[in-house]
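To start, the structure under review is shown below, and the notes come after it.
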Amino acid sequence: MRKRVRSLFFVLLVIVTVGVSIWGPEALSDYRDRGLLGKAHLEQVERAGEGYRYKLSEGEKLFLLSQALSGREYLESRLDGGDQKDYYQGAEGNYALVLNHQGISENTLTGEGIYDTCNRQLNELKAAGILPDSVTEIDPELYEAVLYSAIDVREPRNYVLVWKLGLADSLRGISKENRLIEAYVDADDGKIYGFYARTQMEWDEMDPENVIREWCSYLGLPAPKPYEEINPLTEATPFFRKYAVSGEGEEETIVTVGFYEGIRELFIRITR
């Protein structure tokens, strides 16, 4: 009798075990679904289009962008020689300036908003004495804006989004007097990193030391220092001054304040 009871108990245990293994997971899933359906749940995820990026200081952003722009100039000078690299390999690493195809985040200036933002920034540059008051505001119908990413190729999460704003190439017969010709604008806060602008002034009426000092203050950068290692053959004008702006660690960005006399064009350039 006792042996028969043990046998029956064993058979029931086997049946229960098999039943739980078959229907248990489905029942547990249904129970969990009832706890989730019909309710809002928040989950922090990484945006697929934008991607995660490190928060860079102003000095780091300026250095990264300067290296990427220097790389672009290097490539353009090498294309005729058959060197078809798609990025610039410098002493501090690999950098690239590429068209941004991933879209923009909610914190990035849109193509429609970049013009108003740039006009506000131009007014700030004028108030600081960086640009003369004669430079006119931007007319969106005359300008084109293209979004770029300046990237540290070795560490792609180090990148800067910038709008390149310039007079449209398709325009003919438009006077360029007292106009902004080209500028690189931070896509996050609208700050203008570098520019070319036609003016009514002459070089001897300008104070390049005040221009670079106020420009660094405008961007929140350390005070600049004169850059002594100058090769005049690299410039297409005799009217220029070069300065070194320190970044993080040993990083240093070379900034040129210059002037093309014939067309009265003032520029701040952050490539070497």
Side-chain angles (χ1 to χ4, degrees), residues 47 49-105 107-111 113-115 117-118 121 138 143-169 180-197 215 219 221 234-236 242 244-245 247-248 251-258 267-272:
R47 293 175 62 94
E50 176 189 4
Y52 176 80
R53 60 171 163 156
Y54 296 123
K55 183 174 178 58
L56 304 177
S57 68
E58 291 299 328
E60 289 172 323
K61 290 197 292 185
L62 185 71
F63 178 80
L64 200 163
L65 180 58
S66 73
Q67 293 296 304
L69 289 172
S70 294
R72 189 191 67 166
E73 290 189 352
Y74 171 82
L75 287 176
E76 289 175 349
S77 69
R78 299 285 291 178
L79 286 179
D80 292 339
D83 191 342
Q84 299 293 325
K85 289 182 182 178
D86 58 354
Y87 58 86
Y88 165 64
Q89 183 172 350
E92 301 298 329
N94 301 325
Y95 302 87
L97 185 73
V98 297
L99 285 171
N100 184 287
H101 297 293
Q102 294 183 334
I104 57 178
S105 71
N107 297 321
T108 304
L109 293 172
T110 64
I114 185 61
Y115 300 103
T117 298
C118 194
Q121 296 300 320
I138 292 171
Y143 286 81
E144 294 176 338
V146 182
L147 185 63
Y148 286 90
S149 296
I151 302 172
D152 182 343
V153 177
R154 297 181 307 171
E155 182 50 80
R157 293 185 178 186
N158 283 343
Y159 67 92
V160 182
L161 290 175
V162 291
W163 285 99
K164 181 183 179 183
L165 189 68
L167 280 172
D169 293 334
L180 181 73
I181 304 301
E182 181 182 288
Y184 284 94
V185 183
D186 191 300
D188 291 330
D189 59 19
K191 294 292 186 178
I192 296 177
Y193 288 114
F195 63 82
Y196 292 80
W215 180 78
L219 288 176
L221 297 168
T234 61
E235 298 296 333
K242 286 184 179 288
V245 179
E248 301 296 321
E251 294 176 356
E252 192 174 66
T253 302
I254 308 306
V255 182
T256 306
V257 178
F267 63 87
I268 291 182
R269 191 181 67 234
I270 59 173
T271 59
R272 290 181 178 271

### Message
Please identify which of these residues, D188, D186, D152, meets the salt bridge (Lys or Arg N to Asp or Glu O under 4.0 Å) condition with K61.
### Response
D186
### Query
Got a second to check how far K242's NZ is from T256's OG1, nearest 0.5 Å?
3.0 Å
### Query
Heavy atoms, side chains only, cut-off 4.5 Å: are N100 and Y148 in contact?
no
### Non-hydrogen atoms of Q121 and G190 that approach each other most closely
CG-O, 2.9 Å
### Task
Heavy atoms only: give me the nearest Y193-L62 pair and the separation to one decimal.
CD2-CD1, 3.9 Å
### Message
Whether the side chain of S66 engages the backbone of F63 through a donor-acceptor N/O pair (distance < 3.5 Å, no angle test) should be reported.
### Response
yes
#### Entry: CA sep, side-chain torsions, deciding dist, call: L99, L147, side-chain contact (heavy atoms from CB on, under 4.5 Å)
CA-CA 6 Å; L99 285 171; L147 185 63; over 6 Å; no
### Message
Is the shortest side-chain heavy-atom distance between V162 and V185 below 4.5 Å?
### Response
no
### Query
Got a salt bridge between R269 and E235, using NZ or NE/NH1/NH2 to carboxylate O under 4.0 Å?
yes
### Query
Looking at side-chain heavy atoms only, is the closest gap between Y184 and L69 below 4.5 Å?
yes
### Query
So, Y143 side chain and L180 main chain: donor-acceptor pair closer than 3.5 Å or not?
yes
### Task
Test E144 against K164 for salt bridge (charged side-chain N to carboxylate O under 4.0 Å, His left out), laying out the working first.
CA-CA 8 Å; E144 294 176 338; K164 181 183 179 183; over 6 Å; no
### Query
So, for C118 and I138, which heavy atoms are closest and what is the spacing to 0.1 Å?
SG-CD1, 3.4 Å
### Message
Could you measure the distance from the CG atom of L165 to the CZ atom of F195? Nearest 0.5 Å is fine.
### Response
13.5 Å
### Query
Passes side-chain contact (heavy atoms from CB on, under 4.5 Å), L65 versus E60? Steps please.
CA-CA 9 Å; L65 180 58; E60 289 172 323; over 6 Å; no
